[in-house]
S.K.: 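Can you read through this structure? Questions will come right after.
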Amino acid sequence: MATNDQTAVAPADPQTSLSANVSGANGSKVNLNTATKEQLMQVDGIGDKKATKIIEYRQQHGSFKQLSELKDISGIGDKTYQKLSKSLTI
């Protein structure tokens, strides 16, 4: 006999959707063009100052078109870029 069980699915929570952009234990990546300061700070190697600089750069220059634009930000050189690029996307 087949049962007619239907599992209710809750509508997507906007906060949950935003957190999907944050790199964490689930391995997803942070989107440089949409992440908040708090989301950027969850990336290993990005603290308060770097997060602020990334957002300021985004406000002054528009959306990132390439991850390598990170190196245009003071304090982010090749070594830091290599580390951060694994957790970021555009």
S.K.: So how far is it from Ile46 CD1 to Thr80 OG1, rounded to the nearest 0.5 Å?
M.R.: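 Rounded to the nearest 0.5 Å, the CD1-OG1 separation comes to 10.0 Å.
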S.K.: So, taking the atom named CD in Gln39 and the one named CD1 in Ile55, what distance separates them when rounded to the nearest 0.5 Å?
M.R.: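 One finds 9.0 Å between CD of Gln39 and CD1 of Ile55.
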S.K.: Taking atom OG of Ser63 and atom CG of Leu32, what is their separation to the nearest 0.5 Å?
M.R.: 10.0 Å
S.K.: Is the shortest side-chain heavy-atom distance between Asp72 and Glu69 below 4.5 Å?
M.R.: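 With C-beta onward as the side chain, the pair touches.
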S.K.: To the closest 0.5 Å, what do you measure between CD1 (Ile90) and OG1 (Thr34)?
M.R.: 11.5 Å
S.K.: Do Leu70 and Phe64 come close enough that some side-chain heavy atom pair is under 4.5 Å?
M.R.: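 Yes, at least one pair of side-chain atoms sits under 4.5 Å.
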S.K.: Between Lys71 and Gly77, which heavy-atom pair has the shortest distance, and what is it?
M.R.: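 For Lys71 versus Gly77, the nearest heavy atoms are CG-O, 4.2 Å.
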S.K.: Taking all atoms of both residues into account, what is the closest heavy-atom pair of Lys83 and Asp44, and its distance?
M.R.: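 Closest approach of Lys83 to Asp44: CE-OD2, 3.6 Å.
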S.K.: Between Lys50 and Ile76, is any pair of side-chain heavy atoms under 4.5 Å apart?
M.R.: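 They are in contact (side-chain heavy atoms under 4.5 Å apart), so the answer is yes.
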S.K.: Quick check on Lys65: does its NZ atom have over 12 non-hydrogen neighbours (other residues, nucleotides or ligands) under 6.0 Å away?
M.R.: yes
S.K.: How far apart are the closest heavy atoms of Ala35 and Val30, and which atoms are they?
M.R.: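 For Ala35 and Val30, the tightest heavy-atom pair comes out as CB-CG1, 3.4 Å.
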S.K.: Please examine the side chains of Lys37 and Thr52, heavy atoms only from C-beta on, and report whether any two atoms are closer than 4.5 Å.
M.R.: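 The answer is yes, as the side chains (C-beta and beyond) meet within the 4.5 Å cut-off.
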S.K.: Check the pair Lys53, Ser74 against side-chain contact (heavy atoms from CB on, under 4.5 Å), reporting the backbone distance first and the verdict last.
M.R.: CA-CA 8 Å; Lys53 287 180 180 182; Ser74 174; 3.9 Å; yes
S.K.: OH of Tyr81 to CD1 of Ile73: how many Å apart, nearest 0.5 Å?
M.R.: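 Nearest 0.5 Å value for the OH-CD1 distance: 11.5 Å.
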S.K.: What's the separation between atom CG in Leu88 and atom CG in Leu67, rounded to the nearest 0.5 Å?
M.R.: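 The CG atom of Leu67 is 6.5 Å from CG of Leu88, to the nearest 0.5 Å.
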S.K.: Take Val43 and Lys29, measure what side-chain contact (heavy atoms from CB on, under 4.5 Å) needs, and give me the verdict at the end.
M.R.: CA-CA 9 Å; Val43 173; Lys29 295 185 175 190; over 6 Å; no
